[in-house]
Amino acid sequence: MTEFKRIGVLTSGGDAPGMNAAVRAVTRSALLCGVEVMGIYGGYQGLMDDDMKLFRSKDVAGIISHGGTILYSARAAEFKTEEGMQKAIAVCKKNRIDGIIAIGGDGTFRGATDLSVRGIPTVGIPGTIDNDISSTDYTIGFDTAANTIIELIDKIRDTCESHARCDVVEVMGRNEGDLAIQSGLATGAIAVAVGEIPFDEEAAINRIRVAREHGKRNFIVVVAEGKKGYAEGFTKRIEEQTGVESRFTRLGHVQRGGSPTLRDRVTASLMGQYAVDKLFEGKSDIVICERKREIVAMNIGFALSVDKLFKGKLTDEEKAKISKADFEKMEAICAERRAKKMQLYNTARITCV
Ligand code: F6P
C-alpha cells in the first residue's frame with residue numbers, strides 16, 4: 001500500500017460554490033496526518049503545465065465562505081490524450097505527488113480514473129451546480145446555485161406582478177434539469193420545462209390563459225438550458241396565444257458565483273475529509289458520493305456507467321462488460337433518481353395553480 005507523503009488537490013470543469021470548502025477540508029485533513037499538500041492551479045491543465053504550490057494550513061484560511069475556486073479551473077482537451085496524460089504523470093513524479101484529489105464533474109472523474117490506472121491513485125469529489133452526476137444524490141454547488149436562482153426569480157416576479165407580465169427564465173443545467181425543477185417548485189412557477197421530461201406546451205399555455213382570466217397577474221416559467229433553443233420561442237408563443245405580455249431572461253453565470261450555503265459548505269467539508277481518509281486507506285479510482293444522506297465511496301468506473309445508463313448513453317458493448325449483479329445495482333440507483341426527479345416535477349406542476 002502506498003505510504004503517502006505528498007498529495008495534490010485540484011478543481012476542474014465548471015467552478016461551483018463550495019469547491020473552496022472541499023479544498024480546505026482536503027488540505028487540512030491531509031496536513032493533520034503529516035502528509036504534504038500541493039495545490040494544483042487550473043485543473044488538469046495546471047497539472048500538465050506544472051502550475052502548483054505547496055500549501056500550508058494558512059493558504060486555505062478564510063476560503064470556506066468564498067465562491068469560485070482559489071485553485072482556478074479549466075477544461076483541458078489535451079488531458080484526454082495519452083500524450084497529455086504522460087505529461088501529467090511526469091509532473092507528478094517530478095513533484096513527488098503520490099495521490100490526487102480531483103474536485104469537479106463527470107469529465108473530472110474520467111481524468112481521475114485515467115490517472116489511477118496509470119499509477120497515480122486519484123479520488124474524485126463531485127462539484128458542479130448542475131447536480132447531474134447520477135451516482136450521487138448531491139453535487140457540491142447545487143444548493144447555492146438553486147438559492148441564487150430563487151432569489152432572482154422572486155425579484156423578477158415582483159416586476160411581473162406590477163406590469164401583469166409573464167417571464168420565461170432560462171436557468172443552467174446542460175444535461176439535467178434539477179436546477180429548473182427545484183427552483184421552479186420553490187418559486188411557484190406556472191410551468192417548468194426540462195430536456196429530459198416531455199413537456200406539454202399546450203397545457204402550460206392553457207394554465208396561463210385560465211389563471212389570467214381568474215385575475216392572476218404574474219407568471220413565471222422556468223426552462224432548463226438543456227431544453228436547447230426552446231425558451232425564447234416559447235416566450236413568443238405565450239404572448240401570441242394568451243395575450244399576456246411576455247419577456248425572456250437568461251440568468252447566465254450569475255448562477256455559478258457567490259458565497260456557498262450551509263449545505264454546500266458542510267457537504268464539501270465532509271466529502272473532502274472522507275476523500276482523504278479513503279485515499280490514505282489505500283482506496284483509489286473512487287468517487288465520493290452522497291447516497292441517502294450518507295457520504296460513501298463508489299468505484300469511478302461503476303459511477304460513470306451509472307451516469308451513462310441514466311442518460312441513455314450506455315452502449316450494448318459497455319453493458320456486456322458489466323456483471324449482472326452490478327447492472328442490477330445500477331438500475332436501482334437510476335430508478336431511485338428518476339422517481340425523485342419525477343416527484344419534484346409533479347409536485348411543481350400540481351401546486352402551481
Ligand atoms: O456544468 C456547469 C455549467 O454551469 C452548466 O450548467 C453550463 O451549461 C456550463 O457549465 C457552462 O459552461 P461555461 O462556463 O464553460 O460556459
Side-chain angles (χ1 to χ4, degrees), residues 10-22 41-46 66-80 102-112 124-153 168-184 192-197 222-232 248-261 263-264 267-268 271 287 289-290 303-304 307-308 310-311 313 337 341:
L10 60 84
T11 51
S12 166
D15 62 352
M19 279 183 163
N20 282 329
Y41 292 101
Y44 291 125
Q45 187 61 51
H66 294 184
T69 159
I70 60 152
L71 288 175
Y72 315 135
S73 196
R75 293 186 169 104
E78 193 193 349
F79 192 67
K80 292 182 188 146
I103 307 157
D106 53 356
T108 309
F109 300 156
R110 273 190 291 276
I125 295 180
T128 163
I129 63 163
D130 291 356
N131 203 35
D132 64 346
I133 300 174
S134 317
S135 54
T136 178
D137 296 342
Y138 190 75
T139 60
I140 296 164
F142 176 79
D143 188 61
T144 308
N147 276 291
T148 300
I149 294 170
I150 67 172
E151 189 187 333
L152 295 169
I153 292 182
V168 177
V169 183
E170 187 188 275
V171 303
M172 279 186 167
R174 204 179 357 206
N175 302 310
E176 302 248 359
D178 288 32
L179 280 171
I181 294 171
Q182 295 199 35
S183 64
V192 176
V194 298
E196 67 270 32
I197 301 174
V222 181
V223 178
E225 175 195 4
K227 204 161 169 63
K228 290 186 180 64
Y230 183 75
E232 279 194 85
F248 166 68
T249 305
R250 178 174 290 130
L251 293 183
H253 284 80
V254 68
Q255 298 163 89
R256 284 236 299 260
S259 177
T261 59
R263 170 97 157 101
D264 281 323
T267 306
M271 285 185 169
V287 55
C289 299
E290 186 187 282
L304 289 172
D307 205 50
K308 282 189 173 175
F310 189 77
K311 291 170 184 154
K313 291 180 182 165
R337 192 173 172 86
K341 193 189 283 261

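Below, each value reflects all heavy atoms present in this structure, side chains not excepted, and no hydrogens, waters or symmetry copies. Each ligand, and each atom within it, is numbered from 1 in the order the structure gives.
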So which heavy atom in the protein is nearest [atom], and how far is it from that ligand atom?
{"atom": "atom 8 (O) of ligand 1", "result": "Glu225 OE2, 2.7 Å"}
{"atom": "atom 6 (O) of ligand 1", "result": "Asp130 OD1, 2.7 Å"}
{"atom": "atom 11 (C) of ligand 1", "result": "Arg256 NH1, 3.5 Å"}
{"atom": "atom 15 (O) of ligand 1", "result": "Arg75 NH1, 2.5 Å"}

Whether [Y] and [X] form a salt bridge (side-chain N of Lys/Arg under 4.0 Å from carboxylate O of Asp/Glu) is what I want to check.
{"X": "Arg174", "Y": "Glu225", "result": "no"}
{"X": "Glu196", "Y": "Lys227", "result": "no"}
{"X": "Glu290", "Y": "Arg263", "result": "yes"}

Exercise. Any nitrogen or oxygen of Gly173, main chain or side chain, under 3.5 Å from a nitrogen or oxygen of ligand 1?
Worked result: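 Yes; at least one N/O pair falls below 3.5 Å.
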
For this session: Anything under 30° is parallel, anything over 60° is perpendicular, the rest tilted; go ahead and classify Phe79 against Tyr44.
Result: parallel

Seminar exercise, completed: Under 4.0 Å from one or more heavy atoms of His253, ligand 1 contributes atoms 13 (P), 14 (O), 16 (O)

Exercise. For Lys313, which residues count as a salt bridge (charged side-chain N to carboxylate O under 4.0 Å, His left out) partner, sequence neighbours excluded?
Worked result: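 Lys313 satisfies salt bridge (charged side-chain N to carboxylate O under 4.0 Å, His left out) with no residue once adjacent residues are dropped.
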
